[in-house]
*Asks:* 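Here it is: the structure, laid out below.
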Amino acid sequence: MRKYNSNAPGVKLRGRPKKESSDKRNRKVSVNFTDAEEREIKEKAAQAGVSIAELLRISAFRLSVIERLTDFERKALRELMYQGKNLNDQVRACQANAWPSTKRKAEACLDGILAILGKLKVHNSTLI
């Protein structure tokens, strides 16, 4: 069906209708890629049937970004690693037949780990 210009009867409209000013993209961002990265992006765009610019827009705006750890979570994980080293030392001591003297120390390490995990679970329920 042909569309005609309402201001000039009998004159066909040509070309694509103009975009609203809010829909126009007037900002440009440049990105540098290696040759291999550029080939990979071109291949992905071709497979998806979109332009490279559209592929990058989809990647930038439609993918979810995972937040980094908070300071509290970093400190707690460091403490957990430290407790893991202590527990490893206790297991070595147990293997060297010093079980009775290290049992209390191993239990204390486990209690420390459980306390840290409890704090993490209360502070950030999605971490565990």
Side-chain angles (χ1 to χ4, degrees):
M1 183 167 138
R2 295 181 178 177
K3 294 186 179 179
Y4 292 93
N5 189 340
S6 59
N7 296 332
V11 177
K12 291 187 288 184
L13 291 174
R14 294 186 181 169
R16 181 178 61 77
K18 291 190 176 199
K19 288 185 176 183
E20 296 292 324
S21 61
S22 61
D23 292 337
K24 291 182 182 179
R25 291 190 174 102
N26 59 0
R27 309 305 276 168
K28 189 178 264 192
V29 176
S30 68
V31 181
N32 295 326
F33 294 108
T34 65
D35 291 337
E37 291 170 335
E38 182 185 17
R39 278 192 302 274
E40 187 175 341
I41 287 173
K42 285 181 178 179
E43 288 172 11
K44 286 183 179 183
Q47 288 172 355
V50 296
S51 67
I52 294 172
E54 186 63 23
L55 178 72
L56 294 176
R57 275 189 218 98
I58 290 168
S59 299
F61 297 120
R62 296 189 187 156
L63 297 179
S64 58
V65 177
I66 299 171
E67 295 179 13
R68 293 186 174 176
L69 296 177
T70 64
D71 288 338
F72 174 80
E73 292 165 343
R74 271 194 292 281
K75 288 176 186 174
L77 289 174
R78 260 190 238 114
E79 182 63 27
L80 274 175
M81 290 188 302
Y82 176 75
Q83 291 298 332
K85 290 176 186 176
N86 286 344
L87 188 58
N88 191 32
D89 290 342
Q90 298 308 317
V91 169
R92 283 186 189 148
C94 290
Q95 290 172 345
N97 297 324
W99 173 249
S101 64
T102 59
K103 180 180 178 186
R104 288 183 304 278
K105 292 178 183 176
E107 287 174 347
C109 284
L110 287 174
D111 290 341
I113 290 171
L114 291 174
I116 293 167
L117 288 175
K119 287 179 188 175
L120 277 174
K121 193 169 189 175
V122 168
H123 184 41
N124 186 355
S125 62
T126 61
L127 185 63
I128 299 176

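Every value quoted in this text rests on a predicted model; they were computed, and no experiment measured them.
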*Asks:* Linking I/L/V/M/F/W/Y whenever their side-chain heavy atoms sit closer than 4.5 Å, directly or via other members, would Val31 and Leu55 fall into one cluster?
*Replies:*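 Linked, Val31 and Leu55 end up in one cluster.
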
*Asks:* Ion pair present between Glu38 and Lys42, side-chain N to carboxylate O less than 4.0 angstrom?
*Replies:*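 Lys42 and Glu38: salt-bridged.
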
*Asks:* Kindly write out the residues that satisfy salt bridge (Lys or Arg N to Asp or Glu O under 4.0 Å) with Glu54, not counting sequence neighbours, or none if the list is empty.
*Replies:*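 Result, salt bridge (Lys or Arg N to Asp or Glu O under 4.0 Å) vs Glu54: Arg57.
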
*Asks:* By salt bridge (Lys or Arg N to Asp or Glu O under 4.0 Å), which residues pair with Asp35, not counting sequence neighbours?
*Replies:*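 With neighbours one apart ignored, the set is empty.
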
*Asks:* Please check if Tyr82 and Leu77 belong to a single hydrophobic cluster, counting links between Ile, Leu, Val, Met, Phe, Trp and Tyr side chain heavy atoms closer than 4.5 Å.
*Replies:*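 Result: no, two separate clusters.
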
*Asks:* Identify, with sequence neighbours excluded, every residue that meets salt bridge (Lys or Arg N to Asp or Glu O under 4.0 Å) alongside Lys44.
*Replies:*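 Glu40.
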
*Asks:* In Å and rounded to the nearest 0.5 Å, what is the CD to NZ distance from Glu79 to Lys75?
*Replies:*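 Glu79 atom CD to Lys75 atom NZ measures 12.0 Å (nearest 0.5 Å).
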
*Asks:* Identify whether Ile52 and Phe33 are in the same connected component of the hydrophobic contact network (ILVMFWY, side-chain heavy atoms under 4.5 Å).
*Replies:*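 In one cluster with Ile52: Phe33, yes.
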
